[in-house]
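Notes follow once the structure below has been shown.
Below, chains carry the letters A, B, ... as their sequence lines are ordered, and counting in each starts from 1. In this text the structure is predicted, and so the values were computed from the model without any measurement.
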Protein chains: 2
Amino acid sequence: GADSEILYTGLRITEDACEAYASVSPTDIRQSCLTPPPGSEIISSFYGNMADAAKTAQQPQPVGRGEKAGAEFGYVGVDSVLEQMRRKAMKQGFELNIMAVGQSGLGKSTLINTLFKSKVSRRSVKPDDEERIPKTIEIKSISHDIEEKGVRMKLTVIDTPGFGDQINNENCWQPIMKFINEQYEQYLQEEININRKKRIPDTRVHCCIYFIPPTGHCLRPIDIEFMRHLSKVVNIVPIIAKADTLTLEERDFFRQKIKEDLRANEIEVYPQKEFDEDAEDRVINDNIREKIPFAVVGSDQEYQVNGKRLLGRRTRWGTVEVENTAHCEFAYLRDLLIRTHMQNLKDITSSIHYEVYRVRRLNEDSTQTHDEEDGHPAVQANGIPAHDVLSHEM
Amino acid sequence: GADSEILYTGLRITEDACEAYASVSPTDIRQSCLTPPPGSEIISSFYGNMADAAKTAQQPQPVGRGEKAGAEFGYVGVDSVLEQMRRKAMKQGFELNIMAVGQSGLGKSTLINTLFKSKVSRRSVKPDDEERIPKTIEIKSISHDIEEKGVRMKLTVIDTPGFGDQINNENCWQPIMKFINEQYEQYLQEEININRKKRIPDTRVHCCIYFIPPTGHCLRPIDIEFMRHLSKVVNIVPIIAKADTLTLEERDFFRQKIKEDLRANEIEVYPQKEFDEDAEDRVINDNIREKIPFAVVGSDQEYQVNGKRLLGRRTRWGTVEVENTAHCEFAYLRDLLIRTHMQNLKDITSSIHYEVYRVRRLNEDSTQTHDEEDGHPAVQANGIPAHDVLSHEM
């Protein structure tokens, strides 16, 4: 029979997931699979014959006319979707938005430049300028298109000069919270717009590196206040800045103290335990959580040590190699932010922090418009009323 | 100077894309880059020194303690986001929803099973059953979890038995249009829900394979009517079914005739010209558009030809090898649907067809609710009133 029903799969098919929504039941399928078609000319079948199939596939095969070399019997090509996805991502490029927060003099720009091995962040106070610290917090974004091994990325570095530099630093986390929420608001407005862009520009802050001064004691009230508020809306990666001023023992002591302070104040920094996706994730992230906050040293200066080029800080008593994990934990920070968790930082921003903002905003809207007589539907373009984004703190 | 400002990039940085939003101007940055820090101990710098850097990077380097082997000076790791994306996709798996439309007896189930080399579609009329063709169009979905080389995919095959099988086939495209729109509606409702799922289940039809009977003449009115209506809401891939009944000359003639009919009726089948993204896309897709509709033969029966296992149809005068492009164009269809354009089929569904539906629905809503006294905002959960999805034809 031409249409006789035989399962001759080269794929793994999970049978229990085989759902039928209409009159077809899984039992039906299994039955028809097991019934050999009477009088058919079929020589062999993949069904129940996987070992044979594997054997045949491994033998060198003559390549027939009009057939591609290496075509395996039973191969479908489902896995090629990965290559299609990769090509699309290469074409589109990536976006990453990193914010650096910490008082002046902690080497924020230098560290960001060390991370990306290029001048992507600019010191706001130039050494040869008259020292001028802004009276209020300014928020500055600089974007660069960077490319490595054919992968393009729009990197935006958000600097917050003035944070923690005043005599009275009360509520200095607020302008930063406001900025972060404004990016969520922009994204939301674009997302609910009737005629929306094919790809919504993503200005949401994917990661906030918080620079802790290397006091060696414990977190200061301003550190706690900032992280307590901001960890609810953004991925916070705290680091011990300029760690070359601390001995290894001092670093360990300081790290343990900071961990205690974070716990005591119920501050959840990135990677947050509750967002681990599976056991594998948990093992990897537990290891990172153990080492956090990383004690780092940044440098944009290159030295030659034993004939090797490296970034470091040379002193009379030796050279700190910033990418050497025996000297400091910069390499761990770089791996986390770029080489292993970049995608996850963006995913958590989008699926957790942004969603929390969105739920709050839409609930707020539906409450407000209920009371109004002429309530325009909020999905309409620009239909959401102006509001104070600061109120979106958790 | 510890923080002296030098660009020492190993990446390619596009300078003209370097934007500054606040007080920093690009000129500022370039200037500070070009100013060498006075009295610094820096031996060499990446900036303006790329040729040297490349040379050094290629030489074998001694690997220092605490440094990873193969770590290149100047390497950041931006490209590793691809691997992160791949890992995430492997974990999550993919979804693909394929619909088969065509009158009974054209081998729809066999072809779908040939595509996935497994029993993913079930004949609705069993040969040994009493022949019974449904009086109305039924729409049946069967889902399978399939896996190949570690890539998991939830494949849903949507069958439409009864289409074109009645005495009077007027408007028999309507239930199919309705089904497709219902999937968009479900997605929309989930998307605008306040508390929405982290990942919206995608039941949208990514591709509709339309089976043209191998008459060798031209398109029938029912073919034209179906494709004219449906090509506006879904990716249509028309194929000449059971092409083994046509000689090569007959196939070519028929294909040209079908092309003319499509043009004359302004039917845009997949891949649609207007959605080509760049010149490269256009070249690839022009080649596909040239060959469309593919004349295909399906088979779920395996034969041994010259010691090689293959799927085919054996007759007294020879064996049609379905995956041999000298015999039929099944392999082109498989490549299009699975190996080269699967991701694109999903992208066009999501960014074009779904968006068209969404814009129409939201505009409709805002018109309706304007007239109402107690207009709930439509973003609210379940805030969108019930309506006739059939009205969403373009």
Side-chain angles (χ1 to χ4, degrees), chain A residues 3 6-7 9-14 17-22 33 42-43 65-66 73-74 76-81 84-85 94 110 117-119 140-149 151 153 194 198 300-301 304 309 324-326 338-339 342-343 351 359 362 366 369 375 377-380, chain B residues 3 6-7 9-14 17-22 33 42-43 66 73-74 76-81 84-85 94 110 116-119 140-149 151 153 194 198 300-301 304 309 324-326 338-339 342-343 351 359 362 366 369 375 377-380:
Chain A
D3 283 344
I6 292 224
L7 183 76
T9 178
L11 319 190
R12 198 181 108 194
I13 303 216
T14 313
C18 158
E19 304 160 15
Y21 298 102
C33 295
I42 294 166
I43 291 167
R65 194 168 55 100
F73 182 80
V76 175
V78 167
D79 56 309
S80 57
V81 71
Q84 295 171 38
M85 207 185 64
F94 293 84
T110 302
K117 299 236 169 52
S118 48
K119 170 115 227 76
K140 294 178 179 181
S141 293
I142 306 182
S143 294
H144 290 264
D145 283 340
I146 65 180
E147 182 178 333
E148 196 169 38
K149 301 198 177 175
V151 178
M153 192 173 75
I194 293 192
K198 201 169 162 185
D300 48 15
Q301 295 181 13
Q304 206 94 19
R309 305 174 69 201
N324 184 339
T325 51
I338 302 170
R339 299 190 188 176
M342 191 198 287
Q343 187 62 48
S351 68
V359 167
L362 298 184
S366 61
T369 42
V379 216
Q380 209 179 354
Chain B
D3 282 352
I6 292 224
L7 184 74
T9 178
L11 320 189
R12 197 181 109 195
I13 303 217
T14 314
C18 158
E19 303 161 15
Y21 299 101
C33 296
I42 294 165
I43 292 167
F73 182 79
V76 175
V78 167
D79 56 307
S80 57
V81 70
Q84 295 172 37
M85 208 185 64
F94 293 85
T110 303
F116 293 97
K117 299 238 169 51
S118 48
K119 172 116 226 77
K140 295 178 178 178
S141 292
I142 306 182
S143 293
H144 291 263
D145 282 339
I146 66 181
E147 182 178 332
E148 195 168 37
K149 303 199 176 175
V151 178
M153 192 173 75
I194 292 192
K198 200 169 161 184
D300 47 13
Q301 295 180 12
Q304 206 95 19
R309 306 174 68 199
N324 183 340
T325 50
I338 302 169
R339 298 189 189 177
M342 191 199 286
Q343 186 61 48
S351 68
V359 166
L362 298 185
S366 60
T369 41
V379 216
Q380 209 182 354

- For Arg309(B) against Phe73(A), the heavy-atom pair lying closest together: O-CD1, 3.4 Å
- Query: Quick check: does any side chain N or O of Arg339(A) sit under 3.5 Å from a backbone N or O of Asp79(B), one acting as donor and the other as acceptor?
  - Reply: no
- N/O donor-acceptor pair under 3.5 Å between Gln343(B) side chain and Met85(A) backbone: no
- What are the two closest heavy atoms between Glu148(A) and Val76(B), and how far apart are they? OE2-N, 2.8 Å
- Message: For a quick test of reading the model, state the closest non-hydrogen atom pair linking Val78(A) to Ile338(B) and the distance between them.
- Response: N-CG2, 3.8 Å
